[in-house]
Amino acid sequence: GGIITLCGSGEAADLCSKPIRYIFGDERDRWEESAGKEGDPWELARTRQLTFYNSKAVEVSTPTIKGSSNIETSYNEGTMERWCNKCPHCGEYSEIPFEQIRSQYPENIVGNAKNFAVSDIFYICPECGGVSTEREIKGQDAKWIADNPNAYEKNHTRSFRLTSWVSPWSPWEASIIKYLEAVGDPGKMQVVYNTRFGQLWENRGEIEDED
């Protein structure tokens, strides 16, 4: 009894064509800046919901460039919830960042290509310093923890972020190898930060060297 309308972010006519209760904006950071000559396509689509008191809009995206990311702006307007795992040693809940993961990765150069044999991978709890394996930490309880919980009462917006470190389909070894292979190549490193770490990329090409 319903309809589904699929359209691109640059198609102003489709974005304005009919009343819409639910809007799902996929890969928001890859949307056009303007739908033709009619402005922000997301705001244009949102105007289609004015006749519904119970409308809902969902934005989903891999983050891209810091300071020019649509999903960064929307995330900061919401509850800013992070998926946090319970430490098996101290019981505290923490997000798993790359900085807390350790491994051994001897380098092997064949021709001009670098190969890495990653082993002894473990996670260090930022609260107690307890050491856990990937299997141990992924097997623990986990929950969403909001950095801005008042946002829901203020503007009825919840926002969430996930990284590959908690994915049941992506082993830590794969992400570590991608990172090691990207070292020295800003283009590849941006892909790792955006798609693996779930972090915004800051283009530092024009910043002077620290030295």
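All values derive from a computational prediction rather than experimental measurement.
- Not a single donor-acceptor pair under 3.5 Å links the side chain of S164 to the backbone N or O of S167.
- Contact check on E81 versus R161 returns no salt bridge, with no Lys/Arg side-chain nitrogen under 4.0 Å from an Asp/Glu carboxylate oxygen.
- In this structure, F52 shares a hydrophobic cluster with no other residue, the cluster being traced through Ile, Leu, Val, Met, Phe, Trp and Tyr side chains under 4.5 angstrom apart.
- Among residues two or more places apart in sequence or in another chain, the salt bridge (Lys or Arg N to Asp or Glu O under 4.0 Å) test is passed with K138 by E134.
- Sequence neighbours left out, the pairs with a member in residues 55-104 that pass ring-ring contact (aromatic ring centres under 6.0 Å, His included) are W83-W144, F98-W165, F98-Y179, F98-F197.
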For residues 34-44, run the donor-acceptor check on the side chains, cut-off 3.5 Å, and write out each pair with its distance to 0.1 Å, sequence neighbours left out.
| unit_1 | atom_1 | unit_2 | atom_2 | d |
| --- | --- | --- | --- | --- |
| S34 | OG | G36 | O | 2.9 |
| S34 | OG | G39 | N | 3.1 |
| D40 | OD1 | W42 | N | 2.9 |

Check step by step if side chain to side chain contact (heavy atoms under 4.5 Å, CB included) holds for R21 and N54. CA-CA 7 Å; R21 180 180 174 188; N54 55 353; 2.8 Å; yes
Salt bridge (Lys or Arg N to Asp or Glu O under 4.0 Å) between E181 and K188, worked out: CA-CA 8 Å; E181 291 176 344; K188 290 182 179 180; over 6 Å; no
Check step by step if side chain to side chain contact (heavy atoms under 4.5 Å, CB included) holds for S94 and C87. CA-CA 8 Å; S94 302; C87 174; over 6 Å; no
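- Residues forming a side-chain contact (heavy atoms from CB on, under 4.5 Å) with T73 (at least two apart in sequence, or on another chain): E77.
- Side chain to side chain, E59 and S74 meet the donor-acceptor criterion of an N or O pair below 3.5 Å.
- Side-chain contact between P63 and L200: present, with at least one pair of heavy atoms (C-beta onward) separated by less than 4.5 Å.
- N194 places a side-chain N or O within 3.5 Å of a backbone atom of T64 that can act as its donor or acceptor partner.
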If you apply the rule side chain to side chain donor-acceptor pair (under 3.5 Å), what do you find for T62 with T195, and how did you get there? CA-CA 6 Å; T62 299; T195 65; over 6 Å; no
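- At a cut-off of 3.5 Å, with distance as the only test, no side-chain donor of D120 or S103 sits close to an acceptor on the other residue.
- When hydrophobic clusters are built by joining Ile, Leu, Val, Met, Phe, Trp and Tyr residues whose side-chain heavy atoms come closer than 4.5 Å, directly or via intermediates, V183 is grouped together with V192.
- A donor-acceptor contact shorter than 3.5 Å is absent between the side chain of S61 and the backbone of I71.
- As a member of the Ile/Leu/Val/Met/Phe/Trp/Tyr network built from side-chain separations under 4.5 Å, Y152 groups with nothing else and remains a singleton.
- Checking side-chain atoms of D141 against main-chain N and O of K86 turns up no donor-acceptor pair under 3.5 Å.
- Side-chain atoms of E72 come within 3.5 Å of backbone N or O of G67 as a donor-acceptor pair.
- In the displayed structure, I3 atom CD1 is contacted under 6.0 Å by more than 12 heavy atoms of other residues, nucleotides or ligands.
- Separating the OG atom in S132 from the CD1 atom in I121 is a distance of 14.0 Å, to the nearest 0.5 Å.
- In this structure, R196 and S170 have side chains that are in contact, with non-hydrogen atoms separated by less than 4.5 Å.
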